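Since the structure comes first, as structure tokens, the remarks are kept for the end.
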Amino acid sequence: MDVYKCDVSHFGECKEVFGAIEKKYGSIDILVNNAGITRDGFLHKMEQAQWEAVISVNLNSQFNCTRQVINGMRERKWGRIINISSVNGRKGQFGQTNYSAAKAGIIGFTMALAQESANKGITVNAICPGYISTEMTMAMQPEILESIRQQIPMGRLGHPHEIGDLVGYLCSDSAAFITGAKFDVNGGQWMG
């Protein structure tokens, strides 16, 4: 397995890396847009750099990566695009206006691209995870993490494989009639 690294907030780097992948492996038929960072703070205290960093990595990356593969998918009349949003993109989150805005934008991006791509055999869906046991989540202060855990009816954080298994299904032929959908995977923390 090869690993390719780039800054997904930079269109040129994405173009270079995706070009190298296609050169080595051929067409790219599946794309999972899973970039995410946080730079939390109240909006009235938020620096422009905090806002721009989160929007660039979490939202602009959707365009930067998808733009590299969408024409090939359209030509081949087949593709799967899965965009990882967040429960906080669905409900908002105190102290995360930048993150919530970016993750909500992913949902709009998903629905619009799904409409543009459906007749080309491309499905585009969004997964909106709740709090999953990842490096980013586990870096939170323990008391904040515990208060979040108490808000989850299942009483626990999600596991990464629970998101990965859904990604796998959405990439399969069994999911060929699912597009423009939003999947909330949050242990019942938010139902809307």
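Because the structure is predicted, anything quoted here is derived from the model rather than measured.
Heavy-atom contacts from other residues, nucleotides or ligands closer than 6.0 Å to CE of M136 number more than 12. Counting heavy atoms of neighbouring residues, nucleotides and ligands inside a 6.0 Å radius, atom NZ of K15 does not exceed 12 of them. No more than 12 heavy-atom neighbours from other residues, nucleotides or ligands sit within 6.0 angstrom of CZ on F177. R67 CZ: 12 or fewer foreign heavy atoms inside a 6.0 Å radius.
Cluster membership check: I81 does not share its hydrophobic cluster with Y169, using side-chain heavy-atom separations under 4.5 Å among Ile, Leu, Val, Met, Phe, Trp and Tyr. Clustering ILVMFWY residues whenever any of their side-chain heavy atoms sit less than 4.5 angstrom apart, transitively, puts I84 in the very cluster that holds I132. Put simply, Y25 and I70 are part of the same group of oily side chains (I, L, V, M, F, W, Y) that touch within less than 4.5 Å, one to the next. Following chains of ILVMFWY side-chain contacts shorter than 4.5 Å, one can reach V124 starting from I28, so the two form part of one hydrophobic cluster. In this structure, M46 is not a member of the same hydrophobic cluster as Y99, with clusters built from ILVMFWY side-chain heavy atoms closer than 4.5 Å.
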Which donor-acceptor pairs under 3.5 Å do the side chains of residues 138-147 make with protein atoms, sequence neighbours left out?
unit_1: E146; atom_1: OE1; unit_2: R149; atom_2: NH1; d: 2.9
unit_1: E146; atom_1: OE2; unit_2: Q150; atom_2: NE2; d: 3.3
unit_1: S147; atom_1: OG; unit_2: I144; atom_2: O; d: 2.7

Atom pairs and distances, side-chain donor-acceptor, residues 185-192, under 3.5 Å, sequence neighbours left out:
unit_1: N186; atom_1: OD1; unit_2: G188; atom_2: N; d: 2.9
unit_1: N186; atom_1: OD1; unit_2: Q189; atom_2: N; d: 2.9
unit_1: N186; atom_1: OD1; unit_2: W190; atom_2: N; d: 3.4
unit_1: N186; atom_1: ND2; unit_2: W190; atom_2: O; d: 3.0

With a cut-off of 3.5 Å and sequence neighbours excluded, list every side-chain donor-acceptor pair involving residues 109-123.
unit_1: T110; atom_1: OG1; unit_2: N83; atom_2: ND2; d: 2.9
unit_1: T110; atom_1: OG1; unit_2: I106; atom_2: O; d: 2.8
unit_1: S117; atom_1: OG; unit_2: L113; atom_2: O; d: 2.9

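Residues meeting the side-chain hydrogen bond (donor to acceptor under 3.5 Å, both in side chains) test with T137, sequence neighbours left out: T134. For F94, the ring-ring contact (aromatic ring centres under 6.0 Å, His included) test picks out F42, with sequence neighbours left out. The ring-ring contact (aromatic ring centres under 6.0 Å, His included) check on H159 picks up H161, with sequence neighbours excluded.
Minimum interatomic distance between C128 and I107 (heavy atoms only, all atoms of both residues): SG-CD1, 4.0 Å. The two residues W78 and C171 have their closest heavy-atom pair at CH2-O, 3.9 Å. Of all the heavy atoms in A35 and V57, the pair that sits closest is CB-O, 3.6 Å. Of all heavy-atom pairs between L157 and S133, the closest is CB-OG, 3.6 Å. S86 and K103 get closest at one heavy-atom pair: CB-CG, 3.8 Å. Nearest approach of C14 to D7, heavy atoms of both residues: SG-O, 4.1 Å.
The side-chain heavy atoms of T38 and V54, taken from C-beta on, include no pair separated by under 4.5 Å. In this structure, V167 and F183 have side chains that are not in contact, with every pair of non-hydrogen atoms separated by 4.5 Å or more. Residues I21 and Q68 are not in side-chain contact: their nearest non-hydrogen atoms beyond the backbone lie 4.5 Å or more apart.
A distance below 6.0 Å separates the ring centres of F63 and F11.
No side-chain donor-acceptor contact under 3.5 Å links S61 to the backbone of S9. Within the 3.5 Å criterion, the main-chain N or O of L170 finds no donor-acceptor partner in the side chain of N125. Proximity of a side-chain donor or acceptor of R76 to a complementary backbone N or O of G72 within less than 3.5 Å is detected.
In this structure, L43 CG and Q96 CD are separated by 13.0 Å, a value rounded to the nearest 0.5 Å. Here the straight-line distance linking atom CZ of R39 with atom CG of N98 works out to 9.5 Å at 0.5 Å rounding.
Donor-acceptor pairing under 3.5 Å is recorded for the side chains of T66 and N33.
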Using side-chain contact (heavy atoms from CB on, under 4.5 Å), reason through D173 and R80 one step at a time and then give a plain yes or no.
CA-CA 10 Å; D173 288 336; R80 299 287 184 264; 4.0 Å; yes

Run C6 and E16 through side-chain contact (heavy atoms from CB on, under 4.5 Å) and show every step you take.
CA-CA 9 Å; C6 75; E16 184 178 316; over 6 Å; no

Would you please test N60 and I55 for side-chain contact (heavy atoms from CB on, under 4.5 Å) and show each step?
CA-CA 6 Å; N60 292 348; I55 297 299; 4.1 Å; yes

